[in-house]
Amino acid sequence: MKKICFFDTKPYDRIYFDLMKEKYGIDIEYFEPKLNPRTAFMAKGFEVVVAFVNDTINKETIDILYQNGTRLIAMRCAGYNNVDFKAAYGKIHVVRVPEYSPYAVAEHAMALLLALNRKIHKAYIRTRDFNFSLNGLIGFDLHGKTVGVIGTGKIGRVFIDICNGFGMNVIAYDPYPIKDSGIHYVSLNELFKESDIISLHCPLTKDTFHMINAESIKMMKKGVYIVNTSRGALIDSEALLEALKAEKIGGACLDVYEEETELFYEDMSYVVIKDDVLARIISMPNVIVTSHQAFLTKEALHNIAEITLSNCSDFFNNKPLVNEVCYKCGKGENCLRSEGKRCF
Ligand code: NAD
């Protein structure tokens with residue numbers, strides 16, 4: 001039986017991976033720490049390492065893994081902005097789970113928007129204390145409002161369907177618009193100017209880093225709501241904080257935060273939080289922060305375990321790696337994957 005190791009393990013990960021491992025003939029050694037240059041030595045002797053969104057998979061980590069025998073990093077997530085692909089190329093293959101449940105993430109985005117707009121987070125706490133006052137709990141109808149969706153991939157499209165169900169006017173921006181989709185595409189600036197609500201569903205890249213910043217916020221309507229279930233660094237958090245204080249941004253629903261790595265997924269309730277920007281943002285009545293949990297449904301966890309282990313099994317059985325990603329992917333440069341081979 002092949003054995004793999006697994007970083008940043010949480011109890012809910014183990015449930016689904018343990019259920020599935022026999023089917024793939026794979027045993028798993030679970031490690032609690034995140035993968036980074038300080039912990040990479042733990043993977044010594046493991047050909048396959050399973051990693052997650054807040055692991056630091058930079059050149060240093062990759063070099064340590066490679067020297068110690070690792071040849072595959074299996075990301076158990078869709079996003080891969082935390083991997084240095086140039087450092088990995090030629091040494092360690094990287095696979096991911098491109099799709100596990102776009103519904104989980106899109107539904108969470110709408111859950112955050114509904115909760116914040118209708119002040120459910122406030123009402124829940126009030127009624128537990130037998131405070132039945134409605135003062136300060138006024139929301140607005142989503143029906144008829146313009147929602148700007150940035151990124152019309154798998155999750156963005158499900159979110160658009162949900163918004164259409166609410167009778168919202170949906171506009172979208174994507175550098176690769178989908179032909180004949182019926183989606184009303186506009187320029188990014190137009191989206192910033194026209195939207196009552198902006199929801200981010202694009203990957204974090206050099207182009208999208210801090211796309212919500214002081215300049216773009218200036219273009220937006222006063223009172224705009226921002227929803228981010230994608231990646232934290234799409235938003236310049238300091239600019240967001242200033243705009244919330246100035247009441248230019250009317251509400252922020254954040255499942256991700258640019259400096260989340262050391263905080264999210266951990267119980268920090270007994271620790272003095274040093275990040276003043278996050279502490280101030282969380283203190284706002286018109287902000288809801290969840291801890292990168294948009295993916296957390298039974299269906300998504302089941303699919304993540306299944307696809308990750310299938311990726312690992314393909315690696316062990318010398319099969320093509322259908323979910324491999326490298327720095328050349330999508331750029332059309334001598335793509336071996338399009339010929340049904342591994343990236344290198
Ligand atoms: P996807 O690849 O199907 O879609 C991404 C879309 O973004 C594509 O249509 C692409 O053309 C578009 N895009 C690329 N560059 C862009 C730009 N500069 N501006 C606007 N759009 C751009 O990905 P997906 O499955 O829909 O996931 C979207 C993102 O959601 C992921 O990148 C990931 O960061 C995030 N995510 C978060 C969670 C969570 O738990 N919070 C879970 C899964 C995914």
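We count ligands from 1, going down the list as the structure has it; atoms in each ligand are counted the same way. Here the structure is a predicted model, which means the values were calculated and not measured.
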Treating D129 as the side-chain partner and N131 as the backbone partner, does any N or O pair qualify as donor plus acceptor under 3.5 Å?
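No, because the side chain of D129 does not come within donor-acceptor range (under 3.5 Å) of the backbone of N131.
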Any nitrogen or oxygen of G79 lying under 3.5 Å from a nitrogen or oxygen in ligand 1? Just yes or no.
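No, G79 has no N/O under 3.5 Å of an N/O on ligand 1.
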D255 versus ligand 1: do any nitrogen or oxygen atoms come within less than 3.5 Å of each other?
yes
Can you tell me which residue and heavy atom of the protein come closest to [atom], and the distance to 0.1 Å?
atom: atom 29 (C) of ligand 1; answer: S230 OG, 3.2 Å
atom: atom 33 (C) of ligand 1; answer: R231 NH1, 3.7 Å
atom: atom 13 (N) of ligand 1; answer: P203 CD, 3.7 Å
atom: atom 4 (O) of ligand 1; answer: G153 CA, 3.1 Å
atom: atom 11 (O) of ligand 1; answer: D174 OD1, 2.7 Å
atom: atom 22 (C) of ligand 1; answer: P175 CD, 3.3 Å
atom: atom 40 (O) of ligand 1; answer: F295 N, 3.2 Å
atom: atom 28 (C) of ligand 1; answer: H201 O, 3.4 Å

Would you please indicate if the ring centroids of [X] and [Y] are separated by under 6.0 Å?
X: Y265; Y: F52; answer: yes
X: H93; Y: F344; answer: yes
X: Y173; Y: F192; answer: no

For D180, look at atom CG and say whether over 12 heavy atoms of other residues, nucleotides or ligands are found less than 6.0 Å away.
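Not more than 12 within 6.0 Å, no.
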If the contact criterion is a heavy-atom separation under 4.0 Å, does L204 count as touching ligand 1?
no
Non-hydrogen atoms of P102 versus ligand 1: any pair closer than 4.0 Å?
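Checking ligand 1 against P102, which is what was asked, there is no heavy-atom contact under 4.0 Å.
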Does a donor on one side chain and an acceptor on the other come within less than 3.5 Å for [X] and [Y]?
X: D255; Y: T290; answer: yes
X: D207; Y: T205; answer: no
X: Y30; Y: D13; answer: no

Please classify the I155 to ligand 1 contact at 4.0 Å (heavy-atom distances, strictly less than): side chain, backbone, both or neither.
both
Which is it for Y100 and ligand 1 at heavy atoms under 4.0 Å: side chain, backbone, both or neither?
side chain
Report the distance from atom NZ of K21 to atom OG1 of T308, rounding to the nearest 0.5 Å.
14.5 Å
Could you go step by step and tell me if T297 and Y103 meet the side chain to side chain donor-acceptor pair (under 3.5 Å) rule?
CA-CA 9 Å; T297 65; Y103 310 103; over 6 Å; no
Give the numbers and elements of all ligand 1 atoms closer than 4.0 Å to a heavy atom of [X].
X: I150; answer: 20 (C)
X: T208; answer: 17 (C), 18 (N)
X: T229; answer: 36 (N), 37 (C), 38 (C), 39 (C), 41 (N)
X: A294; answer: 39 (C), 40 (O), 41 (N)

Ring pair (Phe, Tyr, Trp, His ring centres under 6.0 Å) for Y24 and F316? Distances and angles first, verdict last.
CA-CA 10 Å; Y24 289 96; F316 287 128; over 10 Å; no
Side-chain ion pair, E259 and K274, N-O less than 4.0 Å:
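Not counted as a salt bridge, because no side-chain N and carboxylate O are separated by less than 4.0 Å.
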So between H292, K154, R157, K206, whose heavy atom ends up nearest atom 25 (O) of ligand 1?
K154
